[in-house]
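Here the structure is laid out as structure tokens; the discussion comes afterwards.
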Protein chains: 2
Amino acid sequence: MKVRDKLIYTAARLFHRHGYNSTGINQIIEEAEIAKGSFYYNFKSKEDLCIAYLEFRHTYWFTKLRQYVKKHAGESSEVLCAFDFLVSMNELENFRGCSFLNILSELNENDSKILEVIRSHKSDLRDYIKTLVSPGISDHVYLLFESSIIESQLFKDQWPIIKSKNIVQSLIN
Amino acid sequence: MKVRDKLIYTAARLFHRHGYNSTGINQIIEEAEIAKGSFYYNFKSKEDLCIAYLEFRHTYWFTKLRQYVKKHAGESSEVLCAFDFLVSMNELENFRGCSFLNILSELNENDSKILEVIRSHKSDLRDYIKTLVSPGISDHVYLLFESSIIESQLFKDQWPIIKSKNIVQSLIN
DNA sequence: TCAATATTAGACAGACTTGTCTAATCAAAT
DNA sequence: ATTTGATTAGACAAGTCTGTCTAATATTGA
């Protein structure tokens, strides 16, 4: 695996687990077993790494979501599968919540570049949901989708997703 | 004003603006114009201050919410007033989002005390909404309420609140 | 008045942070 | 085979962080 990718994967794991500000460069390079010089050869700053991490996470997450929906599309409608995907991700990642919103809370006014990446991700999600349901309810579904992620992280319980899924089911019928 | 309160108010302002991990004790005591010894006389640690801050914020926020709803109850139904309250808070606090969820994202596994305070606040909110609407839709409203706060923070725009309010209006009719 | 409580300024410890730099080594491509 | 690009270990700077401690001073209640 390439050094750059190893750093991004390690950062992904640590950012997701301990948060952005609580994870130091030294910890990342130590766990990735990469020299500090190589880190700054590949990234010009920690912010630069953060953006690369979010872009990686964006691709990873969306790819998994699309695959999941496509794979389970026979069982129920696509939009309901999207909620099942959230359940499976919570199981996989132990209720860590949304990588993008987790970082959003740690931003100060100067991090406008990172904020733009986060907004872009959520806009893409909003657009994706538009392709799954009729236009009249798509933002409604988007808002429930977002709540599902955050509230299940908070309570470490799947009930917000199940609840949201049931609401959406009644909406599309 | 008491030293302890001055520290909590200053911490509230700084935590809300720059986040928990990005705000240092030295910055808090400097802006509060309090000696460091007094800080550690009143709080045994930064985590201790954080809990006091969240408890203060809980009382402050809920008091404002109840007052707002009571004051505007004549104009429309109470639950819709609660969404208007969110709009007014965004204007007052410049779209800083939810103090509790902002801190949630910065927690690591050791901060279980803080997590409990956050959960308690959200459980109280969920219970409060139960008193405003019929049982069948209260979690639905709660989830939209939460989305409203986070998404308006993300997009620095009131549309998620307006959208949620309209949905709730159609639910209660 | 006197004793307990509270606050002060500031030094200090020990650990952490991001980022720079050196000097040597390795890999790959021409 | 030599040049270019990539990586290495690690020291270092300059700053931050939380928390402790001292020793003097203020405030407060009995």
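Hydrogens, waters and symmetry mates are skipped; everything else that's a heavy atom, side chains included, is used. By convention in this document, chain letters (A, B, ...) are assigned in the order of the sequence lines, proteins followed by strands, and residues within each chain are numbered from 1.
Here dG10(C) presents its P atom at 15 Å from CD1 of Ile34(B), a figure rounded to the nearest Å. Asn42(B) has its CG atom 15 Å from the P atom of dG19(D), to the nearest Å. Rounded to whole angstrom, the span from the CE atom of Met1(A) across to the P atom of dT7(D) amounts to 14 Å. Put simply, CD1 on Ile29(A) is 9 Å from P on dA9(D), counting in whole angstrom units.
In this structure, a donor-acceptor pair under 3.5 Å is absent between the side chains of Asn102(A) and Glu106(B).
Aromatic pair Phe62(B)/His121(B): ring centres closer than 6.0 Å. Residues Phe56(A) and Tyr9(A) bring their aromatic ring centres within 6.0 Å.
Ion pair Asp5(B)/Lys2(B) not flagged as a salt bridge, since none of the NZ, NE, NH1 or NH2 atoms sits closer than 4.0 Å to an Asp/Glu carboxylate oxygen.
The CZ atom of Arg66(B) sits 11.0 Å away from atom CZ of Phe85(B), with the distance rounded to the nearest 0.5 Å. The distance from atom CD of Glu151(A) to atom OG of Ser147(B), rounded to the nearest 0.5 Å, is 8.0 Å.
A heavy atom closer than 4.0 Å to some atom of DNA chain C occurs in Val3(B), these being the qualifying members of residues 2-17 of chain B.
Considering only heavy atoms from C-beta on, Leu107(A) comes within 4.5 Å of Ile118(A) through its side chain.
Tyr20(B) carries Lys46(B) over the face of its six-membered ring, with the cationic atom under 6.0 Å from the centre and within 45° of the normal.
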Report task. Let me have a per-nucleotide readout for nucleotides 11-20 of chain C, 5' to 3', with B, S or -, counting only protein heavy atoms under 4.0 Å. Result -> ------SBBB
